[in-house]
Amino acid sequence: MSDVLLEVSALRTGYGDLTVVRDVSLTVRSGEITVLLGRNGAGKTTTLRAITGLNRVTGGSVSYLGAPLADAPHKRVARGISYVQEGKKVFRELTIEQNLILGGFSRRLGKRGLASSVDEIYQLFPILGSKRALPAASMSGGQQQMLAIGQALMAKPKLLILDEPSQGLAPVIVKEVMERVHELKATGIGILLVEQAVQESVAIADEVAVIEMGRTTLAGAAADVSLEDLQRAYFGAV
Ligand code: ATP
C-alpha cells in the first residue's frame with residue numbers, strides 16, 4: 001500500500017465558538033484519490049479549511065507526512081499542500097499561460113524552471129497548451145476548472161485538495177473533469193476530492209469518506225463500498 005500523506009483523525013473544528021465538524025476521520029495516500037462526500041452543509045468545506053490551516057483544529061488531529069500540521073496556511077502550500085477552493089475563479093482577462101505562471105510564484109522558480117513547469121501542465125492538460133495565448137475567459141467552464149487545477153499543480157504539490165471541481169458543469173463535462181483528475185494519480189500525488197457528483201467521483205476513488213452533520217458516517221476502500229452503504233451513510237437507515 002502507498003504511503004499515507006494525510007491522516008485526519010476525530011477532527012473537531014468550526015468558526016469561532018461554533019463547532020460544525022465534530023468527528024471526522026479520513027486518510028489520503030500518495031498516488032491515490034480519496035473522495036469526501038456529504039450533503040450540503042455537512043461540513044466538507046470546513047474540514048478542508050482545517051486541513052489547509054484556514055480554520056483552527058479544536059480537537060482530534062491532522063497529520064501530514066507523519067507529523068501533526070501546525071504551519072500557517074502559506075507554509076502548508078510550500079510544504080506541498082495545494083487547495084483549489086469551491087468556485088475558484090481564474091483570471092479571466094489574463095491568458096492561460098499567464099494564469100499558470102501566477103500559480104508557480106510560490107516556488108520562486110527561474111524563467112526556465114517556470115517554462116518547464118508550464119510545459120508539464122500542458123502535457124497533463126493538452127487543451128490548455130493549445131489555447132495558451134488566449135484569455136482564460138475564452139474557455140468553457142470545464143476548461144477553466146482544469147486551468148484552476150493546473151494553477152494549483154504549478155506549486156508542485158504532494159497533496160492536491162479539490163473542492164467540488166464539477167460544480168455548475170454539464171454532466172458530460174463533469175465526467176471529463178473526473179477523467180482528468182483520475183489521470184493525475186499517475187504523477188504520484190495524493191488527491192482529496194470533495195464532490196456532489198457521487199457516482200462519477202466514487203468511480204475514480206480509491207478511498208471514500210462520507211460525512212453527515214459533521215461526523216464521518218462511512219470511511220473505507222471505494223471497492224468495498226456499495227450504493228446501499230453510501231445511501232445509509234448519507235441519509236441514515238434505508
Ligand atoms: P456545501 O456542499 O454546501 O459546500 P459543506 O459540506 O461543504 O456544504 P460547509 O461549507 O463545511 O458544508 O458548512 C458546514 C456548516 O458550517 C454549515 O452549517 C454552514 O452554515 C456553516 N458555516 C460555513 N461557513 C461558515 C462561516 N464562515 N461561519 C459560520 N458558519 C459557517
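Side chains included, hydrogens not; waters and symmetry mates left out as well; all remaining heavy atoms used. All ligand and atom numbering here is 1-based and tracks the order in the structure. Because the structure is predicted, anything quoted here is derived from the model rather than measured.
- At least one heavy atom of E164 sits less than 4.0 Å from an atom of ligand 1.
- Nearest-residue assignment for atom 3 (O) of ligand 1 (options N40, T47, L18, T19; heavy-atom criterion): N40.
- Side-chain N or O atoms of Y64 include one that pairs as donor or acceptor with a backbone N or O of R79 at under 3.5 Å.
- Taking a distance limit of 4.0 Å, we find that atom 20 (O) of ligand 1 is approached by no protein heavy atom.
- Distance from atom 11 (O) of ligand 1 to its nearest protein heavy atom, with residue and atom name: T46 OG1, 2.5 Å.
- From Q151, atom CD reaches atom CG of N99 across 5.0 Å, with rounding to the nearest 0.5 Å.
- Only the side chain of E86 comes within 4.0 Å of ligand 1, judged by heavy-atom distances.
- Within a 4.0 Å radius of atom 14 (C) of ligand 1, the protein contributes one or more non-hydrogen atoms.
- Put simply, the side chain of E86 never gets that close to the backbone of E164: no donor and acceptor are under 3.5 Å apart.
- The CG atom of L11 lies 9.0 Å from the CG atom of D23; values are rounded to the nearest 0.5 Å.
- What sits closest to atom 28 (N) of ligand 1 on the protein, heavy atoms only, is Y15 CG, 3.4 Å.
- Taking atom 16 (O) of ligand 1 as the reference point, the nearest protein heavy-atom neighbour is V20 CG1, 3.4 Å.
- At the shortest separation from atom 10 (O) of ligand 1 among protein heavy atoms lies T45 CB, 3.6 Å.
- Short contacts between ligand 1 and R39, defined as distances under 4.0 Å to a heavy atom of the residue, involve ligand atoms 6 (O).
- Residue contact check: Q196 has heavy atoms under 4.0 Å from atoms 2 (O) of ligand 1.
- G41 counts as a contact of ligand 1, since one of its heavy atoms falls under 4.0 Å from the ligand.
- When all heavy atoms of L69 and I51 are compared, the pair lying nearest together is CD1-O, 3.6 Å.
- Looking only at distances, a side-chain donor or acceptor of S82 sits under 3.5 Å from a matching main-chain atom of A152.
- Side-chain atoms of E195 come within 3.5 Å of backbone atoms of S166 as a donor-acceptor pair (strictly under, hydrogens ignored).
- In this structure, S140 contributes its side chain and Q143 its backbone to a donor-acceptor pair below 3.5 Å.
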